[in-house]
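In what follows, a structure is listed as structure tokens, so that the remarks can point back to it.
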Amino acid sequence: MTTDNPSCVGPVPQDMLEILMNGIFAFAMTLIVKNNIPLPSGEIVGNIGLLVEFFLTVLFDGISFIFTFILLAVFYILSFEIMRNVRSVDRITVYTVFAFLLSILFIPLTSLIWAISDEPVPYGMFFHTNILLCGLILFFLWTYACQTPEIIRKDSSAEYVKNLSSRIIVFPITALAGIIIDGSNYSFAAIPIIFLYLFPILFCVRYANRVYN
């Protein structure tokens, strides 16, 4: 069976690849909820101190969940912005998307380390490394698409390409800064992870609507 639709050309149809991406992101977000939000056991607690401690745990874990959820949502938006500007996929695109989705799945795993470990050192380093890999893979995918005329949409303007590139690269740059900070004994935890990644998140939100195709 042949088709004139360029999105169906290649090893994997583009719509099927997008469905896979939706499924992986949904699964990753489900793991984040499971790892960060403790559910009540249903037992009656007579000790007010334990009850207060439980609600404080829910509060702090809820903040961690919201942060991780927003961070994952930004990566979701960036990845689908790339797919929106891709008119066909080849094997390199498919393999790069698979690598990106695999790196996304490691975010809930590092989040789990945060939830069960009292030592933030391994979590911080793992988390920064994870974000660094996610950002670099996504940046490689976008750069490869932009440099391949058969893949990139013809109506993708140079201004939009530059805008999206800057919104993607800010994450690996921030992650690299986090690795340098957390890798130094005297400066560890000088900048909390949530505050550190607040800048790239706000940067993406601020410039997301700056350029339209």
Side-chain angles (χ1 to χ4, degrees), residues 18 21-22 24-29 31-32 35-36 63-86 92-93 95-114 120-147 152 156 159-184 187-211:
E18 293 179 358
M21 293 175 65
N22 276 316
I24 294 298
F25 271 97
F27 179 67
M29 290 182 177
L31 290 179
I32 290 174
N35 294 338
N36 289 276
I63 295 175
S64 171
F65 159 71
I66 293 174
F67 160 72
T68 312
F69 186 90
I70 293 176
L71 186 64
L72 202 64
V74 171
F75 273 115
Y76 176 85
I77 294 171
L78 292 175
S79 62
F80 268 89
E81 279 198 59
I82 294 177
M83 298 305 297
R84 186 188 64 180
N85 288 273
V86 169
I92 295 180
T93 303
Y95 297 154
T96 306
V97 168
F98 283 172
F100 171 70
L101 294 178
L102 183 62
S103 65
I104 284 295
L105 285 178
F106 275 95
I107 293 180
L109 297 181
T110 51
S111 178
L112 177 61
I113 294 176
W114 190 1
V121 176
Y123 167 75
M125 298 301 292
F126 288 152
F127 185 84
H128 296 317
T129 303
N130 199 164
I131 298 300
L132 178 64
L133 290 176
C134 289
L136 289 179
I137 293 173
L138 202 62
F139 186 75
F140 170 80
L141 176 61
W142 178 233
T143 302
Y144 173 75
C146 294
Q147 295 179 352
I152 192 70
S156 296
E159 188 178 3
Y160 180 83
V161 170
K162 182 179 179 180
N163 177 279
L164 183 54
S165 297
S166 63
R167 284 186 283 130
I168 294 174
I169 198 62
V170 69
F171 281 98
I173 292 177
T174 305
L176 183 60
I179 291 176
I180 295 174
I181 293 173
D182 285 358
S184 175
S187 63
F188 174 73
I191 304 178
I193 289 178
I194 294 179
F195 293 153
L196 181 64
Y197 287 94
L198 188 61
F199 169 74
I201 291 175
L202 293 178
F203 181 85
C204 285
V205 173
R206 174 67 177 82
Y207 289 95
N209 296 325
R210 179 63 64 89
V211 180

Quiz item: Under the 3.5 angstrom rule, does the side chain of N163 hit a backbone N or O of A208 as a donor-acceptor pair?
Solution: no
Practice problem: Tell me, with the steps shown, if Y160 and N85 meet side-chain contact (heavy atoms from CB on, under 4.5 Å). | Solution: CA-CA 10 Å; Y160 180 83; N85 288 273; 3.2 Å; yes
Approximate separation, where rounding is to 0.5 Å, of [X] [atom1] and [Y] [atom2]:
X: T174; Y: I193; atom1: OG1; atom2: CD1; value: 12.5 Å
X: F98; Y: S103; atom1: CZ; atom2: OG; value: 13.0 Å
X: I179; Y: F126; atom1: CD1; atom2: CZ; value: 11.5 Å
X: I131; Y: L71; atom1: CD1; atom2: CG; value: 4.5 Å
X: L72; Y: I77; atom1: CG; atom2: CD1; value: 10.5 Å

Exercise. Taking all heavy atoms of V170 and all of P200, pick out the closest pair and write down the distance.
Key: CG1-CB, 3.8 Å
Practice problem: Would you please name every residue forming a ring pair (Phe, Tyr, Trp, His ring centres under 6.0 Å) with F75, sequence neighbours left out? | Solution: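 Applying ring pair (Phe, Tyr, Trp, His ring centres under 6.0 Å) to F75 gives F171.
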Quiz prompt | Partner residues of Y76 under the ring pair (Phe, Tyr, Trp, His ring centres under 6.0 Å) criterion, sequence neighbours left out | solution =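 Y76 satisfies ring pair (Phe, Tyr, Trp, His ring centres under 6.0 Å) with F25, F80 only.
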Quiz item: When the ring planes of F127 and Y197 are compared, do they come out parallel, tilted or perpendicular, using 30° and 60° as the limits?
Solution: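 Perpendicular: the ring planes of F127 and Y197 meet at over 60°.
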Practice problem: Measure the acute angle between the ring planes of Y207 and F203, then classify it against the limits of 30° and 60° as parallel, tilted or perpendicular. | Solution: tilted
Quick check: do [X] and [Y] have side-chain heavy atoms less than 4.5 Å from each other?
X: L102; Y: I137; value: no
X: L196; Y: H128; value: yes
X: Y144; Y: T96; value: no
X: I92; Y: L141; value: no
X: F67; Y: L198; value: no
X: I168; Y: I82; value: yes
X: I104; Y: C134; value: yes

Exercise. Please lay out, stage by stage, how W142 and L78 fare under the test side-chain contact (heavy atoms from CB on, under 4.5 Å).
Key: CA-CA 10 Å; W142 178 233; L78 292 175; over 6 Å; no
Self-check item: side-chain hydrogen bond (donor to acceptor under 3.5 Å, both in side chains) involving S166 - partner list, sequence neighbours excluded
Solution: none
Exercise. Could you check S165 against T143 for side-chain contact (heavy atoms from CB on, under 4.5 Å), going step by step and ending with a plain yes or no?
Key: CA-CA 8 Å; S165 297; T143 302; 5.6 Å; no
